[in-house]
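Not measured: the values here are computed from a predicted model. We use all heavy atoms of the structure for the numbers below, so side chains are in, but hydrogens, waters and symmetry mates are not.
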Amino acid sequence: MFSSIVLSGRPPRVAVVGAGLSGIACARRLSEAGCAVFLFDKARGVGGRMATRRAQWIDPDGAVHRATFDHGTPAFSARSAAFRAFIDEAVEDGVLARWEPVMAPGSHQNLDGLALWVSTPDMPALCRRLAAGLPQTLSRPVDEIARDGQGGWRLLAQGELLGDGAFDAVVLAMPPAQAAALLAPYREDWARQARAVPMQPCWTLMAAEPGEPPPWDAAWPQRGPLAWVVRQDARPGRPAGGGMNHWVAHATAAWSATFLESAADTVQALLQDALAEALGRRPRWAHAAVHRWRYALAPRSEGARQPCWWDPALSLGVCGDFLGGAGVEGAWLSGRALAAAIAPGATA
Ligand SMILES: Cc1cc2nc3c(=O)[nH]c(=O)nc-3n(C[C@H](O)[C@H](O)[C@H](O)COP(=O)(O)OP(=O)(O)OC[C@H]3O[C@@H](n4cnc5c(N)ncnc54)[C@H](O)[C@@H]3O)c2cc1C
């Protein structure tokens, strides 16, 4: 599809909107295949749902405390040979570490039995490394993609043009509801399918409390509001707590859906109670905050499904975990598959 542009002697210009792992995996592969790739994201940094929040608070004695909380995906695993090979490389590069948490008594079993991986020193590190050297426009939500009359694409944020000219192709690498809004004028069929994907929400509590750490690093409670409880300061490559336990607690999808539109302080109080119950004591909270992930997890796909969408006539593509099979691995596979569909030189 790019042959005429390649023949004209300049590399195809591709805009990748969404700098989570799917977009960045796609962008990196396209760049290796000779495309000029430009990354756009509405957030201040890359990584998407592979996220780490920095927090600071002042205690009653006036001491300043700082902490980081991996409030998006806590960890991920690999099933496919391709993703396992990618993980091996990232481990060698020092941006991934194996996480072998001591699980709290009563946690349900990790039935998959697969190794868990964590980016270091923070969750976006893997994406930052993959995105290194690619031009990035951050903190700008793309609210429109427009044809420019000569077969190219332009990106707009509140009517303002983004980037330094037209693009030969556009990749949308974002949760399906957000992609649907941009797709609708061009591929209403894709927009409809994207809107129908039942993404699961997740309310996440980030909290700190002074005290002795428990003899475990993480818990998978079998009942109640919480799906995951993670002691942040016990994770690979994270700073020690300095006398504080730093907790990240993810609510279950069902609980999060029930409280999706509740006020943050209501949710925070309920999740603090649930975490206290998981800890079996009443912590003296030094810090607490919640984050609502409206689109946290894609449903696992059953059977064969297209790992990405690519329309060669429009030069418009879509990738993301909701197409690639859920989770971090699904996001990566989807991004790679789209790069292979766009540029013949890029294998998945
Ligand atoms: C709480 C939580 C727990 C999770 N647990 C696990 C787990 O245990 N295992 C696992 O494998 N996965 C887990 N995941 C899911 C995993 O994080 C995702 O599947 C994966 O990171 C998705 O990558 P992506 O590139 O498809 O999307 P994202 O990471 O969401 O990236 C999309 C990007 O698009 C940007 N964007 C959106 N709209 C626009 C716009 N209009 N303009 C510009 N930019 C835009 C966003 O800012 C974002 O950076 C979890 C996620 C969450 C939130």
Side-chain angles (χ1 to χ4, degrees), residues 19-20 41-75 94-97 99 101 118-129 131 136 138-141 201-214 216-219 225-251 256 259 262-276 278-279 281-294 296:
D41 203 289
K42 66 179 182 176
R44 274 181 301 169
V46 303
R49 279 169 274 164
M50 298 180 72
T52 299
R53 170 81 61 87
R54 278 164 180 74
Q56 177 175 310
W57 66 95
I58 301 173
D59 70 21
D61 298 329
V64 178
H65 297 264
R66 291 187 180 82
T68 60
F69 298 94
D70 299 328
H71 67 307
T73 184
V95 287
L96 267 196
W99 184 39
V118 169
S119 300
T120 57
D122 57 19
M123 288 310 280
L126 180 67
C127 289
R128 275 201 306 272
R129 179 154 202 306
Q136 300 166 19
L138 300 174
S139 303
R140 300 304 305 269
C202 181
W203 272 108
T204 300
L205 171 70
M206 296 155 275
E209 43 108 22
E212 277 298 301
W216 48 266
D217 305 328
L226 298 179
W228 266 103
V229 176
V230 177
R231 190 151 64 80
Q232 172 78 17
D233 43 287
R235 281 158 66 75
R238 270 55 178 178
M244 293 256 182
N245 299 310
H246 294 157
W247 297 105
V248 176
H250 297 289
S256 301
F259 290 92
S262 300
D265 50 359
T266 306
V267 170
Q268 183 180 311
L270 292 170
L271 292 183
Q272 280 176 280
D273 285 348
L275 178 53
L279 297 175
R281 57 187 170 79
R282 299 303 306 176
R284 281 188 299 118
W285 302 112
H287 167 80
V290 284
H291 180 83
R292 178 179 61 187
W293 295 99
R294 199 175 271 284

Output all residues satisfying side-chain contact (heavy atoms from CB on, under 4.5 Å) with R49, sequence neighbours left out; order by chain, then residue number. P175, M199, W293, D321
What residues, two or more places apart in sequence or in another chain, satisfy ring-ring contact (aromatic ring centres under 6.0 Å, His included) together with H287? W57, F69
Over all atoms of both residues, closest heavy-atom pair of S119 and M50: OG-CE, 3.8 Å
Contact summary for L205 and A288, nearest pair of heavy atoms: CD1-CB, 4.4 Å
How would you list, by chain and number, every residue that makes a side chain to side chain donor-acceptor pair (under 3.5 Å) with D122, sequence neighbours excluded? R54, R128
Checking L275 against W285 for the side-chain contact (heavy atoms from CB on, under 4.5 Å) test, could you report, in this order, the C-alpha distance in whole Å, the side-chain angles of both residues, the deciding distance, and whether it holds? CA-CA 11 Å; L275 178 53; W285 302 112; 3.6 Å; yes
Give a yes or no answer on whether the side chain of W203 reaches the backbone of V267 with a donor-acceptor pair at less than 3.5 Å. no
Check whether T52 reaches the backbone of M123 with its side chain - one donor and one acceptor, N or O, closer than 3.5 Å. yes
Which residues pass the ring-ring contact (aromatic ring centres under 6.0 Å, His included) test with W247, sequence neighbours left out? W216
For T68, which residues count as a side chain to side chain donor-acceptor pair (under 3.5 Å) partner, sequence neighbours excluded? none
Listed by chain and number, what are the side chain to side chain donor-acceptor pair (under 3.5 Å) partners of T204, not counting sequence neighbours? H250
Taking all non-hydrogen atoms of both residues, which atom of A67 and which atom of H246 are closest, and how far apart? CB-CE1, 3.6 Å
Check for a donor-acceptor pair, side chain of R238 on one end and backbone N or O of P236 on the other, with a separation under 3.5 Å. yes
Between Q232 and D70, do the side chains contain an N or O donor and an N or O acceptor separated by less than 3.5 Å? yes
Shortest non-hydrogen contact from A97 to T120? CB-CG2, 3.8 Å
Pair E209 + R281, salt bridge at N-O below 4.0 Å: yes
Roughly how far, to the nearest 0.5 Å, is NE2 of H291 from NE2 of H71? 4.5 Å
Note: W99 and A234 closest approach over all heavy atoms is NE1-O, 4.2 Å
Inter- and intrachain pairs under salt bridge (charged side-chain N to carboxylate O under 4.0 Å, His left out), touching residues 264-273, at least two apart: D273-R282
Residues in side-chain contact (heavy atoms from CB on, under 4.5 Å) with A269, at least two apart? none
For A240, give me all partners under side-chain contact (heavy atoms from CB on, under 4.5 Å), at least two apart in sequence or on another chain. none
Residues in side-chain contact (heavy atoms from CB on, under 4.5 Å) contact with P201, at least two apart in sequence or another chain: S256, A257, L260
Could you list the residues that satisfy side chain to side chain donor-acceptor pair (under 3.5 Å) with Q272, not counting sequence neighbours? Q268
Can you name the nearest heavy-atom pair linking A249 to L226, along with the distance? CB-CD2, 4.0 Å
Looking at R235 and P74, would you say the former's side chain and the latter's main chain have a donor-acceptor pair under 3.5 Å? yes
Under 3.5 Å, sequence neighbours excluded: what are the donor-acceptor pairs made by side chains of residues 58-66?
unit_1, atom_1, unit_2, atom_2, d
D59, OD1, D61, N, 2.9
D59, OD1, G62, N, 3.1
D59, OD1, A63, N, 3.0
D59, OD2, H65, NE2, 2.8
R66, NE, Q56, OE1, 3.2

